[in-house]
Amino acid sequence: MVATGFPSFDTTVDKTNRLLKEIEDAYGWPKARRKQSYAALRAVLHQLRDRLTVDEAVQFGAQLPMLVRGIYYDGWKPAETPVKMHSEEFFQRIRHDFPYSIQGDTEQLVHTVLEILQRHISEGEWDDLRARMPADLVTVIPT
């Protein structure tokens with residue numbers, strides 16, 4: 001546990017570290033590769049956020065731990081969303097934002113990160129997310 005002296009900060013750092021560790025565990029990465037798990041989380045969150053309408057993005061973001069919410073909103077330009085993209089472009093954008101080599105393809109990375117995020121989001125919000133995604137992208141969002 002991190003000790004910042006502010007309970008809400010300690011909690012969000014712990015939740016974020018737990019989420020990143022879950023990504024590392026899914027890939028068998030050691031903690032020394034924390035930058036890589038962070039990059040995976042960030043790349044997936046940003047493309048997901050940019051594909052959603054402003055209202056949908058805000059509703060989803062409200063479910064995230066405070067520190068992860070900051071990552072999610074970093075650099076967001078609501079006036080430029082939603083970005084209409086098909087699944088191939090969605091994966092290309094994530095690959096561009098994730099500069100590391102991994103076992104498997106980008107689709108597997110997205111699925112892994114989203115599967116882990118699902119554990120930290122309410123079931124109702126997750127169902128809403130799935131319902132609002134276009135047909136060719138809903139397939140990557142775990143049920």
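When reading the values below, keep in mind they use all heavy atoms of this one structure, side chains included, and skip hydrogens, waters and symmetry mates.
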Per-pair distances, 0.1 Å, donor-acceptor, side chain in residues 91-98, under 3.5 Å, sequence neighbours excluded:
{"from": "Arg93", "atom 1": "NE", "to": "Glu89", "atom 2": "OE2", "distance (Å)": "3.2"}
{"from": "Arg93", "atom 1": "NH2", "to": "Glu89", "atom 2": "OE2", "distance (Å)": "3.1"}
{"from": "Arg95", "atom 1": "NH1", "to": "Tyr100", "atom 2": "O", "distance (Å)": "3.2"}
{"from": "Arg95", "atom 1": "NH2", "to": "Tyr100", "atom 2": "O", "distance (Å)": "2.6"}
{"from": "Asp97", "atom 1": "OD2", "to": "Gln47", "atom 2": "NE2", "distance (Å)": "3.1"}

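Across all their heavy atoms, Ile116 and Ala26 have their closest contact at CD1-CB, 4.2 Å.
Every pair passing salt bridge (Lys or Arg N to Asp or Glu O under 4.0 Å) that includes a residue from residues 99-126 is listed here, sequence neighbours excluded: Glu22-Arg119. Applying the ring pair (Phe, Tyr, Trp, His ring centres under 6.0 Å) test to every pair with at least one member in residues 20-46, sequence neighbours left out, gives these pairs: Tyr27-Trp29.
Here the CG-NZ distance, from Leu64 to Lys15, works out to 10.5 Å after rounding to the nearest 0.5 Å. Put simply, CG on Leu129 and CZ on Arg51 are 11.0 Å apart, with the number rounded to the nearest 0.5 Å.
Salt bridge present: Asp74 and Arg42 bring a charged side-chain N and a carboxylate O closer than 4.0 Å.
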Q.
Please evaluate residues Leu117 and Leu45 with respect to the criterion side-chain contact (heavy atoms from CB on, under 4.5 Å), reporting the C-alpha separation (whole Å), side-chain torsions for both, the decisive distance (0.1 Å), and the verdict.
A. CA-CA 9 Å; Leu117 277 171; Leu45 282 174; 3.7 Å; yes
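Under a hydrophobic-cluster definition in which Ile, Leu, Val, Met, Phe, Trp and Tyr are linked whenever side-chain heavy atoms come within less than 4.5 Å, directly or via other members, Val138 and Leu109 are assigned to the same cluster.
Of the listed residues (Leu48, Ile141, Val140, Leu137), just one forms a side chain to side chain contact (heavy atoms under 4.5 Å, CB included) with Val110, and that residue is Val140. Between Glu24 and the options Gln36, Arg33, Lys31, Arg34, a side chain to side chain donor-acceptor pair (under 3.5 Å) holds for only Arg34.
Listed for the Arg132 side chain is no donor-acceptor partner under 3.5 Å among the backbone atoms of Leu52.
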